[in-house]
Structures are given as structure tokens and as C-alpha cells.
Colleague: 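My questions will all concern the structure given below.
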There are 2 protein chains.
Amino acid sequence: MSFENYGDDMDPGKRDIMEATHIAVKKHGYSDLTIQHIADEFDRSKALIYYHYDGRDDLLVDFLKYILGGFLATLPEEGSSPREELDDLIELLLPTTVNEEPYRLMLSMFELRMNAPHDEAVREQYLEVEERVRMALEDILRRGIESNEFVDINVEVEAETLLSLLIGIRARRLTVYNPEQSIEPLKATIDAYLDRISTAVE
Amino acid sequence: MSFENYGDDMDPGKRDIMEATHIAVKKHGYSDLTIQHIADEFDRSKALIYYHYDGRDDLLVDFLKYILGGFLATLPEEGSSPREELDDLIELLLPTTVNEEPYRLMLSMFELRMNAPHDEAVREQYLEVEERVRMALEDILRRGIESNEFVDINVEVEAETLLSLLIGIRARRLTVYNPEQSIEPLKATIDAYLDRISTAVE
């Protein structure tokens, strides 16, 4: 996930904290993360963290916004063919193999999702991300039907299906699969799905 | 979920603890659950809990085994038509609306899933459940093709797809949907899926 100029409009102090948190989460994951871990990745004083945030939970809501915003900023741009855009989006959400640090970040994002039922601010973040991804999928499918890359399907239903399928595979990959394990059998289902909706079976 | 005679072969002391935990989890959920909550549902002494278990986390591994075993015992029996078995299994995993107590139990089971990456015993429980559900789905699909209820599909791939779809919808239902919210839009994708694999479109 590349962040490039993302976060340029943030308060510089907060952005520094977010960047330090990003590094700390990749190193330590979410469950064991402490304010000290974040401060260790940070060349300014720990007091700055407490100036902006009441504590870890308060900070993590902002971090969630930061990281999900960064994710949304990396959604494939219109330009390449709809099928290629869809492949890119799937690869972004479901890399076949994953190294330790991106795995820890993916897992942390999933663990934070589990706070949604208990924290309305967290729920709203994930709702927005799901909505944005669903809309991106609908848009890709719609353009793909127009350009005759995809067969004529119900765009709303298929986008919703694909989103649940992607979230389900990601949930299984992060919970019952070992981090270093390839998820090829799980991705075979996505390939079968793509073959089914594509005009040219590959 | 009915448990009937499930757990009859357990140590009676442990079974009583499991039953009390079952009630306590439905009342309080998992994150706030204490040993005292369990003892409150229990007409024997709290010391009995500590005789069998070191503490909450130790007890919850057994509870997970108990509840997932109970779930596996309720998987539809061969007998009704494959399509009806599939409908029953989907309804079991994805009730359209859900009351407070079953919701808290579903959510607790999902929160416990998040312990899998950190606890091998938990990971193995969920792996086994996924494997058993996947095999049940394969069996239903295979018999449905034989009896001409389902079109000729790749049983392994479709069972895997259906499993990821069910887990994904359940994950979304439990995290971003409100408990009392109907998940009709999410279930419409399952209906579309069933129409696609069925010989008779309903």
C-alpha cells in the first residue's frame, strides 16, 4: 500500500503520529501495541502523542481513518480495462502470499473491525469503506458490460456478492490460514467467479 | 441452535460449566465476560470452575469446542432434498433477522475466531469447523447434481466459494450491520447464487 501524498492536509503533528503508528503496527500488530511502541518510531516527544490523544483507543480511531483513507486512495483509477482494474483490486485485497509486515497490518485492520459492534465511530469507518469498495466494484462491472468484457449481469447483486466473497476470503486467510501459507485454493474461487462473468474465458 | 443430548459424554462438572457459560455468553457477550458471570448461572460453587480451569481464557477454549461441536451436531442430516438441506444450512449460518441473545452468541463466536492467529488450539477448532462445513457443502452439491436439482458445477470450487461467501456475509452482518437490521440485501446475493446453480430457477 503506497501512501504517497496522502495525509498532506492533516495537522503535521498528527500526521507524524499516524506515520509512527503505521510503522509500529506493522512491527508489533494491534493487540500488543502500546503508546511506547509508537513513541519509539517517532523522533518527537511522547508528550506530543498525549497532547493530541487521550490514549491508545482514542489514537486508534484516527489511525483507522488514516489507514482506510490511504486504502481508498489506492483504489484502481479508471483508465486500464475494467477487467484489469478488477484484477488489481482483488490483488490489493487478497495478495496470494504476504510478508510479515503487511500481514500484521492486514490482521490489525481486521482486529479493529471487531471493535465496530462496540464503537459507533469504528463501525462508521468500516461501513464507509465497504460502501466505497462496493461502488467501485459496481462501476467496474458496469463499464465492463458496456465494453463487452463482462457478460450481462445484475451489477448491484454481483458487486455485493464479490464484496462478501472478498471479505470472507480475507477473514479466513487472516484467522485459520498461517501467515506464510499461499491462499491459492481460496483464490481459485475468485478465478472461477471471474471466468463466469467474463465474455472470454481465459 | 438446539443442543439436545449434545455433551452427554462430557465430565458432568465440565458440562455444567459449559451450560452456564453458554447462558452467560448469550447475556453478556464475550468481551465483557467474567468468571463471576458464569458462576452466576451456576448452582454449584465457583471453586468448581477453578478446579477445572486456570481462568477465563483456558475455559473459553473448551467452550469454543463445546459450542462449535454443538453447531456441527446441528448440521442438516441427509434426508430432505439437497436443495432443502442447503437452504437449512444457510438459514442456520445466516438468519435474516436475529434476536439479542443469538446475536451475542454469534458475535462472541466471531470474536473468538480473532484469537485464532494468536492461539493454535483456537485456530485448529475453526479450521476443523470450516473443513466440516466445506465437506457438508460438497456432499450436498454432489447429491444435488446427481438428483438433477443442481446444474453440473465444479463441486470443490463451488463449496469453497459458498463457504467464503457465508463467512463474509456473517462477518459483515456482525461488524457493520446493526444487530436488529435485516440483512436482506446481503442474502439476495445468496439467492442469486442458488438460482445460478439450480436447474429450476424459482
Side-chain angles (χ1 to χ4, degrees), chain A residues 29-32 94 103-104 106-108 110-120 122-131 134 153-154 156-179 183 185-193 195-196, chain B residues 29-32 94 103-104 106-108 110-120 122-131 134 153-154 156-179 183 185-193 195-196:
Chain A
Y30 158 70
S31 12
D32 297 330
L94 286 183
Y103 172 81
R104 260 192 232 113
M106 280 168 73
L107 182 59
S108 302
F110 200 70
E111 288 175 323
L112 278 165
R113 177 186 270 271
M114 288 317 302
N115 291 352
H118 312 292
D119 185 332
E120 196 54 33
V122 174
R123 189 198 293 269
E124 275 166 20
Q125 294 285 330
Y126 281 98
L127 254 180
E128 191 193 328
V129 167
E130 287 199 7
E131 177 70 7
R134 201 177 51 67
I153 45 178
N154 182 324
E156 285 78 16
V157 168
E158 296 297 332
E160 198 72 87
T161 302
L162 206 38
L163 180 57
S164 286
L165 194 54
L166 289 167
I167 291 176
I169 294 177
R170 219 171 129 101
R172 297 174 69 195
R173 128 61 95 230
L174 290 169
T175 53
V176 301
Y177 274 61
N178 282 308
I183 54 163
L186 296 180
K187 289 194 82 172
T189 65
I190 294 276
D191 292 338
Y193 180 91
D195 283 350
R196 182 172 72 75
Chain B
Y30 158 70
S31 11
D32 297 330
L94 286 183
Y103 171 82
R104 260 192 232 113
M106 282 170 73
L107 183 59
S108 301
F110 199 71
E111 288 175 323
L112 278 166
R113 177 185 269 270
M114 287 319 302
N115 291 353
H118 311 291
D119 185 332
E120 196 56 33
V122 174
R123 188 199 292 272
E124 275 166 21
Q125 294 284 330
Y126 280 98
L127 254 181
E128 192 193 330
V129 168
E130 287 198 7
E131 178 68 7
R134 200 176 52 68
I153 45 177
N154 181 324
E156 285 78 14
V157 169
E158 297 297 332
E160 197 72 86
T161 302
L162 206 37
L163 180 57
S164 286
L165 194 55
L166 290 166
I167 292 177
I169 294 176
R170 218 171 131 99
R172 297 175 68 195
R173 134 52 100 233
L174 291 168
T175 54
V176 302
Y177 274 59
N178 282 309
I183 54 163
L186 297 180
K187 288 193 85 172
T189 65
I190 294 275
D191 292 337
Y193 181 91
D195 283 349
R196 183 172 71 74

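In this text the structure is predicted, and so the values were computed from the model without any measurement. Note on naming: letters A, B, ... go to the chains in the order of the sequence lines (proteins, then strands), and numbering restarts at 1 for each one.
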Colleague: Can you list the residues that meet the salt bridge (Lys or Arg N to Asp or Glu O under 4.0 Å) rule with Glu158(A), with sequence neighbours excluded?
Modeller: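 With neighbours one apart ignored, the set is Arg196(A).
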Colleague: What is the distance from atom CG of Leu94(B) to atom NZ of Lys187(B), rounded to the nearest 0.5 Å?
Modeller: 6.0 Å
Colleague: What residue in Glu156(A), Met114(A), Arg172(A), Glu160(A) has the most heavy-atom pairs under 4.5 Å with chain B?
Modeller: Arg172(A)
Colleague: Quick one: pull up OH in Tyr30(A) and CG in Leu112(A) and give me the separation to the nearest 0.5 Å.
Modeller: 5.0 Å
Colleague: Please look at Asn178(B) and chain A and tell me whether the side chain, the backbone, both or neither of the residue comes under 4.5 angstrom of a heavy atom of that chain.
Modeller: both
Colleague: Can you say whether Tyr177(A) sits under 4.5 Å from chain B via the side chain, the backbone, both, or neither, judging by heavy atoms?
Modeller: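 Tyr177(A) touches chain B through backbone heavy atoms alone.
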Colleague: Got Asp119(A) and Gln125(A) here, is their nearest side-chain heavy-atom distance under 4.5 Å?
Modeller: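 No - every pair of side-chain heavy atoms lies 4.5 Å or more apart.
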Colleague: Do Glu111(A) and Leu174(A) make a side-chain contact, defined as non-hydrogen atoms from C-beta onward lying under 4.5 Å apart?
Modeller: no
Colleague: What distance separates Leu162(B) CG from Thr189(A) OG1, expressed to the nearest 0.5 Å?
Modeller: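 Going from CG on Leu162(B) over to OG1 on Thr189(A), the span is 11.0 Å.
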Colleague: Under a 4.5 Å cutoff for heavy-atom pairs, which residue among Leu165(A), Thr175(A), Ile169(A) has the most contacts with chain B?
Modeller: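 Top count of heavy-atom pairs under 4.5 Å with chain B: Thr175(A).
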Colleague: Going by heavy atoms in the side chains, are Arg113(B) and Val129(B) under 4.5 Å from each other?
Modeller: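 No, too far: nothing below the 4.5 Å cut-off.
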Colleague: Looking only at heavy atoms and a cut-off of under 4.5 Å, which of Gly29(B), Gly168(B), Ser31(B) has the most pairs with chain A?
Modeller: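 When all of Gly29(B), Gly168(B), Ser31(B) are compared, Gly168(B) has the most.
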Colleague: Using a cut-off of under 4.5 Å for heavy-atom pairs, which of Ser164(A), Pro185(A), Pro179(A), Ala116(A) has the most such pairs with chain B?
Modeller: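 Max contact count across the listed options: Ser164(A).
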Colleague: Among Leu163(A), Thr161(A), Asn154(A), Leu166(A), which residue forms the greatest number of heavy-atom pairs with chain B at distances under 4.5 Å?
Modeller: Thr161(A)
Colleague: Answer with side chain, backbone, both or neither: which region of Glu130(B) has an atom nearer than 4.5 Å to a non-hydrogen atom of chain A?
Modeller: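 For Glu130(B), the contact with chain A is made by the side chain alone.
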Colleague: At a 4.5 Å cut-off on heavy atoms, which part of Tyr103(B) comes close to chain A: side chain, backbone, both, or neither?
Modeller: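 Interface part for Tyr103(B): side chain.
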